[in-house]
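Input: a single structure, listed below in structure tokens.
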Amino acid sequence: MTSLARPNDYTAYPDAEGRFGDYGGRYVPETLMPLVHELDAAYRAAKADAGFQAELGGYLKHYVGRPSPLYLAERLTAHYGGAKVYFKREELNHTGAHKINNCMGQILLAMRMGKTRIIAETGAGQHGVATATVCARFGLPCVVYMGEVDVARQEPNVFRMNLLGAEVRPVTSGSATLKDAMNEALRDWVTNVEDTYYLIGSAAGPHPYPEMVRDFQAVIGQEARAQVLEMEGRLPDAVVACVGGGSNAIGLFHPFLNDEGVKLIGVEAAGEGMQGRHAAAINGGRPGVLHGNKTYLLQDGEGQITEAHSISAGLDYPGIGPEHSWLHDVGRAKYLTATDQEALAAFQLCAELEGIIPALESSHAIARLPEIVAEVGKDGVVVLNLSGRGDKDVATVAAALGRKI
Amino acid sequence: MSKARIDARFAALKAEGRAGFVAYVMAGDPDAATALAILKGLPGAGADLIELGFPFSDPMAEGPPIQRAAQRALAAGMTLSGVLELARAFRAGDAATPLILMGYMNLILHRGIETFAHDAAQVGVDGVIVVDCPPEEAAPLAKALDAADVALIRLASPTSDDERLKVVVKGTSGFVYYISVAGVTGVKEADAAAVAPAVERVRRASGLPVAVGFGIKTPERAAAIARVADAVVVGSALVDEVAAALEMNEDVSARVLLKAESLAKAVRAARIGQTTV
Ligand SMILES: Cc1ncc(COP(=O)(O)O)c(C=O)c1O
């Protein structure tokens, strides 16, 4: 669909209605519309407020541990024999992933709005842990909705959230995974409209969430852009990230959108393979409406949402943030896929060659490096977002490799 | 015919000096044949209007009863085409009872907005409620439905202030659906004392009849709401009868219609001896 006109300024989106081209918008029940408008107004005021930005910057530095390093992965570079590979080390953030960047921004906003109760959805539990963390830090009660299936396969993160004082509510409706947790969080929000702030974990949902989460995650790309300019004296040829809902990817991409020479590459989860069960909304889905936005979705021939599958719980979602759908349609970003098996192999390779155990999510991006570094060539530079660390995944990987631990 | 059928029904109710009873049932729950039997029986049981839910995998505004109804219907193979067939079969035997489809945006987009509007009109549907399509997103759908003479019914809620009401009712027709509680269907209970002034506000803003739904489960509550609203919508309590009948191995349509009858009776009797509003 590259026939669509390319805009001059890719960063001018969304428009006032929250649309990225035809995607995004606010497809929520009427009861929530005033709340969504209230959030939009509050976010716009905070975005323009130097005091808010300074406060956020302070917490990102002293609590989250930013900036995260940009690191030349020398042995992986040598192994692939193509372009230089840099890792943006989001796994070194407090709580071990990029998720906390967004949580810190949103909790400060929630408090500014006078909200006194926080709810969130989680799949792998990474966003739930990050939300529980900031709620503990600021003393706000926290309820995390999590599919019953995910509660079972991410037991340590459930306990972590409990340690941080959050209540984890298992969701049994539908397929009992992330999409159902998001339904349940929306149901909670529509029921508790006075005091509750819904802290969405990815760059998806009704406007202004896709824009707001992107802005809070754009610190990844802003830092990476400055760091690579300093280390290489030029912009990278490609930036690469895994895509679940799309927050770490859009955070990395956004500051590079108008650098047309920089290829933007997202990697979706192909699960068992694109002929089998997968979680690749762009590569295997069609546009539709779910969870408040119009975007690419996995659905059956009748328009019913189908279950996603990925070995990585953080990518196990049938949708993708609307900005990615638009970037795909206009041809500014490219979306590849990696299977469970490819991600597992990349997970082990990265551990062995770099001494870094990556999250299974991030391993999907690593898995596509051979083709990307070959395409860019020996003199090229590639920046890969290492969105999280893989300690949470060791049990899953051991089981997949047939090892008892 | 479509919008006119809704207007005619509300005019008749007004002339009778009573509120209407709106029965919500899920298309295809527990299967297509039983759902059709229920539909056909509802006017006789006292339903003045019928809302026919079309099942979606991810009904974000529904509580457990209607979620489960949707899952039963989907498990039995119901599709949007199947829903339209049910509507056609119902309309073949009833020319007067307004039929409103209620569901979520994705299925409509999937069919194509224009195709959906055209097909709905063809089978005798009079109005459509799309839970996750607020006015901000409704322009293409409103245009297509308008061209097909099908009403796009708008929703108002306790969170709608006067400014918001103006946006909600702009260009609307048929009636306005007032969601009586902030919440999902079938959980919180509606409070008639709080609903009365809200209904009045919505009436004034829209100039249309106001149907009140969400959280009305018993004949007593239905009667209380019937004293202040133009119509009373009951959904979860009816689909719960489907669940109960299945569990007890009873005749599903008989059980649902019995419940509808008791609710309709309460609504019809509510204003007797009361000066009309
Ligand atoms: C480490 C890590 N990376 C990526 C993701 C996917 O989310 P997103 O696409 O929003 O970055 C997750 C989600 O849980 C995650 O934990």
Side-chain angles (χ1 to χ4, degrees), chain A residues 16-19 22 24-38 40 171-175 177 179-194 196 205-207 286-295 297-307 318-319, chain B residues 54-64 67-68 70-71 74 77-83 103-112 129-140 154-161 163-165 167-168 176-179 181-185 187-188 214:
Chain A
E17 299 303 316
R19 298 209 178 90
D22 194 34
R26 288 173 280 220
Y27 293 88
V28 295
E30 181 55 35
T31 305
L32 286 180
M33 280 309 290
L35 285 78
V36 162
H37 282 295
E38 179 199 4
D40 191 36
V171 175
T172 54
S173 60
S175 56
T177 57
K179 81 174 172 76
D180 308 286
M182 195 147 177
N183 288 330
E184 217 48 47
L186 284 162
R187 289 176 187 131
D188 181 312
W189 197 22
V190 87
T191 306
N192 298 287
V193 293
E194 296 299 332
T196 295
H207 178 66
R286 278 174 292 115
V289 167
L290 181 70
H291 294 153
N293 60 154
K294 187 192 271 191
T295 194
L297 298 170
L298 300 183
Q299 41 190 319
D300 68 13
E302 293 292 331
Q304 305 294 348
I305 307 305
T306 53
E307 267 178 61
Chain B
F54 52 98
F56 180 48
S57 53
D58 292 81
M60 72 158 112
E62 310 314 334
Q67 288 175 36
R68 287 193 286 261
Q71 283 182 358
L74 289 173
M78 188 43 62
T79 62
L80 188 50
S81 296
V83 175
Y104 291 81
M105 194 65 185
N106 197 51
L107 297 194
I108 296 175
L109 277 182
H110 187 263
R111 194 175 189 87
I129 301 175
V130 188
V131 178
D132 57 348
C133 186
E136 281 81 347
E137 306 296 345
R154 289 288 166 77
L155 299 142
S157 100
T159 61
S160 319
D161 62 15
E163 280 308 302
R164 182 68 195 163
L165 269 184
V167 177
V168 167
V176 178
Y177 188 133
Y178 181 70
I179 299 168
V181 292
V184 294
T185 50
V187 178
K188 284 187 191 168
F214 278 45

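Quantities reported herein were computed from a predicted structural model and do not represent experimental measurements. In the text below, chain A, chain B and the rest are named by the order of the sequence lines, each starting its count at 1.
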To the nearest 0.5 Å, tell me how far B:M60 CE sits from A:H291 NE2.
-> 7.0 Å
Do B:V181 and A:T191 touch side chain to side chain, with heavy atoms closer than 4.5 Å?
-> no
Examine whether an atom of A:L290 lies under 4.5 Å from a heavy atom of chain B, and if so say whether it belongs to the side chain, the backbone or both; otherwise answer neither.
-> side chain
Looking at CG of B:D58 and OG of A:S173, how far apart are the two atoms once the value is rounded to the nearest 0.5 Å?
-> 8.5 Å
Can any side-chain N or O of B:D132 pair as donor or acceptor with the backbone N or O of A:V28 at less than 3.5 Å?
-> no
Working for side-chain hydrogen bond (donor to acceptor under 3.5 Å, both in side chains), residues B:E136 and A:H37 = CA-CA 11 Å; B:E136 281 81 347; A:H37 282 295; 2.8 Å; yes
Side chain, backbone, both or neither: which part of A:D300 has a non-hydrogen atom closer than 4.5 Å to chain B?
-> backbone
Could you list the residues that satisfy salt bridge (charged side-chain N to carboxylate O under 4.0 Å, His left out) with B:E163, not counting sequence neighbours?
-> B:K166
Decide, yes or no, whether a salt bridge links B:R164 with A:E30 under the criterion of side-chain N to carboxylate O below 4.0 Å.
-> yes
Close side-chain approach of A:I305 and B:F56, heavy atoms under 4.5 Å | yes
Residues two or more places apart in sequence or in another chain: which of them pass side chain to side chain contact (heavy atoms under 4.5 Å, CB included) with B:T79?
-> A:E302, B:S81
Of the backbone (N, CA, C, O) and the side chain (C-beta and beyond), which part of B:L109 lies under 4.5 Å from a heavy atom of chain A, both, or neither?
-> side chain
Which answer fits B:Q71, side chain, backbone, both or neither, if we ask what part of it has an atom under 4.5 Å from a heavy atom of chain A?
-> side chain
Heavy-atom proximity to chain A below 4.5 Å, by part of B:P59 | both
Which region of A:Q299, side chain (C-beta onward) or backbone (N, CA, C, O), has a non-hydrogen atom less than 4.5 Å from a non-hydrogen atom of chain B, or is it both or neither?
-> side chain
Which bit of B:I108 is near chain A, if near means a heavy-atom gap under 4.5 Å: side chain, backbone, both or neither?
-> neither
Segment of B:V168 engaging chain A (4.5 angstrom heavy-atom cut-off) | side chain
Is it the backbone or the side chain of B:E137 that comes under 4.5 Å from a heavy atom of chain A, or both, or neither?
-> both
Backbone N or O of B:S157 within a donor-acceptor pair of the A:T31 side chain at under 3.5 Å?
-> no
Donor-acceptor pair, side chain of A:R187 and main chain of B:G63, under 3.5 angstrom | no
Chain A shares the most heavy-atom pairs under 4.5 Å, among B:C133, B:P134, B:A138, with B:P134
Chain A interface, residue from B:R111, B:R68, B:R154, B:E62 that has the most non-hydrogen pairs under 4.5 Å = B:E62
Walk me through it: do B:V167 and A:M33 pass the test side-chain contact (heavy atoms from CB on, under 4.5 Å)?
-> CA-CA 11 Å; B:V167 177; A:M33 280 309 290; over 6 Å; no
